Amino acid sequence: MTVYDKTTDSIKNCINNALYIARDKGEISFDTICDYVIEEPREKEFGDFAANVAMLMARQAKCAPRKIADSIVGNMDFSGTYIENVSVAGAGFINFKLNPDYIREVLDDIEAQGDDFGRVNIGEGKKVMVEFVSANPTGPMHMGNARGGAIGDCLASVLDMAGYNVTREFYVNDAGNQIDKFTKSLYARYIQHTKGENAMEFPEDGYHGEDIKIHAAAFYNEHGSEYESADEETLSKAIMEYALKKNIEALKADLLKYRIDYDVWFLESTLHATGAARAVVDELTRNGCTYEQDGAIWLKTKEGEKDEVLVRANGFLTYFAVDIAYHKNKFIDRGFDTVINVWGADHHGHVERLKNAMADLGIAPERLEIILMQLVRLVQGGEVVRMSKRTGKSITLTDLLEETSIDAARFFFNMRQASSHFDFDLDLAVEQSNENPVFYVQYAHARICSIIKLLSEQGTHVKPISEIDKSLLSSQQEIELIKLLARFPEEIKNAALLREPSLITRYAQDLAASFHTFYAACKVKTDDEALSASRLKLVDATRIVIKNVLKVLSIDAPTHM
């Protein structure tokens, strides 16, 4: 249990006991105590924690919140707790001022837990899949994939820290229209490569990228004349499988470079090969959820929504039908409790349809969560950058990582909610100043490591907590820094519950700022040996927490800069 959990539980016990005493005295009438929140007030002068219980009990008690709050405080016994003072403010908020000893306990936890400090267990081992990026394997990843990769991977790390059993998955669209187009494009370029540009007209709707020409030439160089007499179907299949394998290998390599290591690469083609895609249409039909019209099979959707085709008149399954089968595989075949998909905002119209299809299969739709991600723009010199300097074409993940660091990319993409548009400032991302948020956080860690190293060389070492007088850490800057250290498990909990990794980058910046403020105000090396030892312990605890925060984001924690 975290310091915050123990403290809020203690406050709740005091409040609940006071409520029961007040009821026994006839001061308040109620049947049950409602759910209420113990939280830190925005204004620090109000105290360390505040409770909104009086407001929430007012209707049931048929009494003014202020009167309820006064009764609670008047009947409260907080002896044996860290509570020093309780007061009522405004319409009925109950504010608690605590002895700073409550928060200093976190230094014991940080020493004991080390790299695991921040872990909580709200997930209780529940199986969660986070599917993200899932870029079309017919070409390179673009800026949207770069943002989705950082958001999805950091969310997965947050959920892992929160006690969930997390699987990262990449869905490979290796079937369907885009693969047909990819195959025809490769075949045409192969014929042009071996027989000349005029030997075959390139499909108007084909993939015109240079990568298709490169694949065709590489395939010929590897196989020589082996396929010169092959029929179109044989050659097309061979060159498609060759190029697709190369593209998937490139996707894996680029994502590993970006520090994303997937647990599962799921091939769409397996849903066709196993018959799962057809089977789900049959199941929906048996459930009375489909109908036939104009030779096609349609899914009945909810009132106000357009019905969707599952099987076209030519017998081919639609992408929607396959997607339903894929998600049934996630929930039923592989037993995930929750599935989280990180999608581009252009998939907005697909969300409710897929959730409703899950309901048609007997799967609670709330178990499927969709994070819709808005577009990102690359900005340099105050101007929007649209084309790669190297290729003159749209910017890819590879292009981005040539312009800036992996650390900056992962941090910047997680600084805003996925639902917000984001301008990625390339100039700021490479700037080595306090204006660059990732540099600011990393510099705090490097600065701490330098302090510890310098003092160690002078014979002053970090002592175990048992040899430290924590009560000496009493200045405002020290207490505020300790409070922030204690908040890390809460930030993990909130980020996991809200599916919001941007809370972690915000926390990282707040923690770095608090450390810099502390260091400017409080000398670590002083004439008072006990005070120096206590402050050095606080510095080392801050190092551990910053390192753990950056680890969640898969960002380096440098020891010098």
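All values reported here derive from a predicted model rather than from experimental measurement. These values consider heavy atoms only, across backbone and side chains, with no hydrogens, waters or symmetry-generated copies.
- Side-chain contact check for E500 versus S419: every heavy-atom pair is 4.5 Å or farther apart.
- Using bins of under 30°, 30° to 60° and over 60° for the plane-to-plane angle, the ring pair Y519/F515 lands in the parallel bin.
- Between F424 and F413, the ring planes are tilted. Angles from 30° to 60° get that label.
- Taking a cutoff of 4.0 Å between a charged side-chain nitrogen and a carboxylate oxygen, E480 and K44 qualify as a salt bridge.
- Using a 4.0 Å cut-off between charged side-chain N and carboxylate O, R66 and D70 make a salt bridge.
- Between R147 and M373 the shortest side-chain heavy-atom distance falls below 4.5 Å.
- Using a 30° and 60° split on the angle between ring planes, F30 and Y20 fall in the tilted class, from 30° to 60°.
- Of the charged side-chain nitrogens involved, at least one lies within less than 4.0 Å of a carboxylate oxygen, so that R259 and D407 count as a salt-bridged pair.
- Using a distance-only test at 3.5 Å, with no hydrogens or angles considered, a donor-acceptor pair links the side chain of T517 to the main chain of A513.
- The distance between the ring centers of Y4 and F49 falls below 6.0 angstrom.
- Using a 4.0 Å cut-off between charged side-chain N and carboxylate O, D101 and R104 make a salt bridge.
- Formation of a donor-acceptor pair under 3.5 Å by the Y262 side chain with backbone atoms of F132 is found in this model.
- Taking the charged nitrogens against the carboxylate oxygens, K483 and E40 have no contact shorter than 4.0 Å, which rules out a salt bridge.
- No donor-acceptor distance shorter than 3.5 angstrom exists from the side chain of N436 to the backbone of Q432, with no hydrogens or angles considered.
- H516 is linked by a ring-ring contact (aromatic ring centres under 6.0 Å, His included) to Y440, Y443, counting only residues two or more places apart in sequence or in another chain.
- The closest side-chain donor-acceptor pair between S475 and E478 falls under 3.5 angstrom.
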